[in-house]
Structure formats: structure tokens, C-alpha cells
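Numbered from 1 within each chain, the chains take letters A, B, ... in sequence-line order.
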Amino acid sequence: RKEVEQDPGPFNVPEGATVAFNCTYSNSASQSFFWYRQDCRKEPKLLMSVYSSGNEDGRFTAQLNRASQYISLLIRDSKLSDSATYLCVAYYGQNFVFGPGTRLSVLP
Amino acid sequence: DTGVSQDPRHKITKRGQNVTFRCDPISEHNRLYWYRQTLGQGPEFLTYFQNEAQLEKSRLLSDRFSAERPKGSFSTLEIQRTEQGDSAMYLCASSLGWTTNEKLFFGSGTQLSVL
């Protein structure tokens, strides 16, 4: 079993749709969690940290459920520019462990 | 530019050759990481440094791979006797290394093609 698992994707959604990504992690000692965005042939870029209380940044909402070892990312009113791969990341033991990513295509 | 920089951006080599990549982290960052990424996969951890000390190395890492970070500044990743399976994007990243709120910042990567 991989340490961080994500929805396999790809997700193809129309502009304006709401889309949710799910992620699970296996190491209960994980300290912090993040969502990164990666465009094709580019490096991953930090989208947002994920806190237990849930946090929101504009159209993006991230949730963490430590009991279920589950993380989610919700994108509302999706834009063409949101098309990318979204990577779920768990941080523990000074290491950042990445999931395989979920690819999103927002269609006009 | 104060971000993480990597050199070269692209490297094409023949099987059996040695290659070396360089990474310059964000200047105030103590930790430096190397990852490898293949198409359709997330970044896979290779190794990391806290200042000049190499603290962890992936069990999956072949002994053909070696990394250094002399003086705790830039780092190099060398692959000896390259194989076609080494073709991938090699990503360097850095983080502060002393907070409880660590975040990782990546360079643009080095795309390696082994022919």
C-alpha cells in the first residue's frame, strides 16, 4: 500500500463546476498536510496547507480528518486555468511524501 | 531570483555515462531534498540534507546515485553508469528546516533522457 493515495482521475469537468479530490495517508504520525498543483512539465507549486479545522483560500477549500486519515480539496466555480495535476502531500519525520496526483481538466 | 534553481534544465546522455546535476536552494533554507518524478507519478523521495549532513536516503536508491551538499549550500546529484530506467525529471526542493510549519519549494527540475 502506498503511503499517500489519491483518486486516480482524470477528472474532466465543465467550467463553473465544483470538483472534489480525495486523499488518504497511512502514517498516523504525519504532522502536516498540503496540496500542491503541478502544471504539465513544470515543478509542483504549493497550493495550500491543510489544517484540522479546515481552511479556505478563495475558491479552494481543504479539509483534514485525522481520525480517518483523510484529506480533501474542493474547488468551486472551476476555471480553465485550474487544469493541472493536484498532488496530496503528507509531512512526517522531516520528509514530504507525495501521492501520485489527480489530473484535472476543466473544459470550456 | 531568490527561488530554488537547478542546472541543467535538460540532459541527454548515452547509457553508461555519468551525469551530475546541481541545485541551489533558497538561501536561508537549511534543508534540501532530491526527488525523482516519472510521467503520471508523483515525486518520489530520493534523499535529503540538513545543512551539509545527508540525513536520509531512500532504500530504493541504487548505489549508482550519490548526492553531496558541501558547506551546506548548493547540492549535487550524480548518477553513475546511467541506465534507460534513470530517465526522469529530477527535482530539487528546499525548506527552512527549523520550524514546526515546514513547507517545500521546488526548482524547475532537470529532465534526464538516457538513450
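- Grouping the Ile, Leu, Val, Met, Phe, Trp and Tyr side chains by contacts below 4.5 angstrom, directly or via other members, places W35(A) with Y25(A).
- The two atoms that bring K103(B) and F34(A) nearest to each other are CG-CE2, 3.8 Å, heavy atoms only.
- When heavy atoms are compared at a cutoff of 4.5 Å, L104(B) approaches chain A by way of both its backbone and its side chain.
- Of all the heavy atoms in P44(A) and F106(B), the pair that sits closest is O-CD1, 3.5 Å.
- Aromatic ring centroids of Y35(B) and F98(A) lie under 6.0 Å apart.
- Considering only heavy atoms from C-beta on, F96(A) comes within 4.5 Å of Y33(B) through its side chain.
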Derivation and outcome, side chain to side chain donor-acceptor pair (under 3.5 Å), residues E102(B) and Y91(A): CA-CA 8 Å; E102(B) 292 295 309; Y91(A) 174 68; 5.0 Å; no
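- Of the two parts of L39(B), neither the backbone nor the side chain holds a non-hydrogen atom closer than 4.5 Å to a non-hydrogen atom of chain A.
- Closest non-hydrogen pair, R41(A) versus M89(B), comes out as O-CE, 4.4 Å.
- Contacts of Q37(B) with chain A are made by side-chain atoms alone, with heavy-atom separations under 4.5 Å and no backbone atom involved.
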Pairs of donor and acceptor atoms involving the side chains of residues 46-56 of chain A, under 3.5 Å and at least two apart or interchain, shall be tabulated with distances.
{"from": "N55(A)", "atom 1": "OD1", "to": "Y51(A)", "atom 2": "N", "distance (Å)": "3.0"}
{"from": "N55(A)", "atom 1": "ND2", "to": "S49(A)", "atom 2": "O", "distance (Å)": "2.6"}

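- Environment of CG in L80(A): crowded, with over 12 heavy atoms of neighbouring residues, nucleotides or ligands closer than 6.0 Å.
- In this structure, the separation between CG on L91(B) and NZ on K42(A) is 12.5 Å, given to the nearest 0.5 Å.
- If you tally non-hydrogen atom pairs under 4.5 Å between each of Q6(A), Q38(A), K45(A), R103(A) and chain B, the highest count goes to Q38(A).
- When each of V89(A), L87(A), V97(A) is checked for a side-chain contact (heavy atoms from CB on, under 4.5 Å) with P43(B), only L87(A) meets the rule.
- Residues F21(A) and L64(A) are members of one and the same hydrophobic cluster, defined by side-chain heavy-atom contacts under 4.5 angstrom among Ile, Leu, Val, Met, Phe, Trp and Tyr.
- In the hydrophobic clustering of this structure, L96(B) does not group with L32(B); members are Ile, Leu, Val, Met, Phe, Trp, Tyr whose side-chain heavy atoms approach within less than 4.5 Å, directly or through other members.
- Put simply, OH on Y48(B) and CG on N95(A) are 7.5 Å apart, with the number rounded to the nearest 0.5 Å.
- Put simply, F45(B) and V4(A) are part of two different groups of oily side chains (I, L, V, M, F, W, Y) that touch within less than 4.5 Å, one to the next.
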Listed pairs under 3.5 Å, donor-acceptor, residues 7-22 of chain B side chains, sequence neighbours left out:
{"from": "N18(B)", "atom 1": "OD1", "to": "R81(B)", "atom 2": "N", "distance (Å)": "2.8"}
{"from": "R22(B)", "atom 1": "NE", "to": "D24(B)", "atom 2": "OD1", "distance (Å)": "2.7"}
{"from": "R22(B)", "atom 1": "NH2", "to": "D24(B)", "atom 2": "OD2", "distance (Å)": "3.0"}

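- Summarising the local packing, CD of Q80(B) is surrounded by more than 12 heavy atoms from other residues, nucleotides or ligands at distances under 6.0 Å.
- A donor and an acceptor atom, one from each side chain of Q50(B) and Q94(A), are nowhere located under 3.5 Å apart.
- Note on I79(B): it clusters hydrophobically with F49(B), by side-chain heavy-atom contacts below 4.5 Å among ILVMFWY residues.
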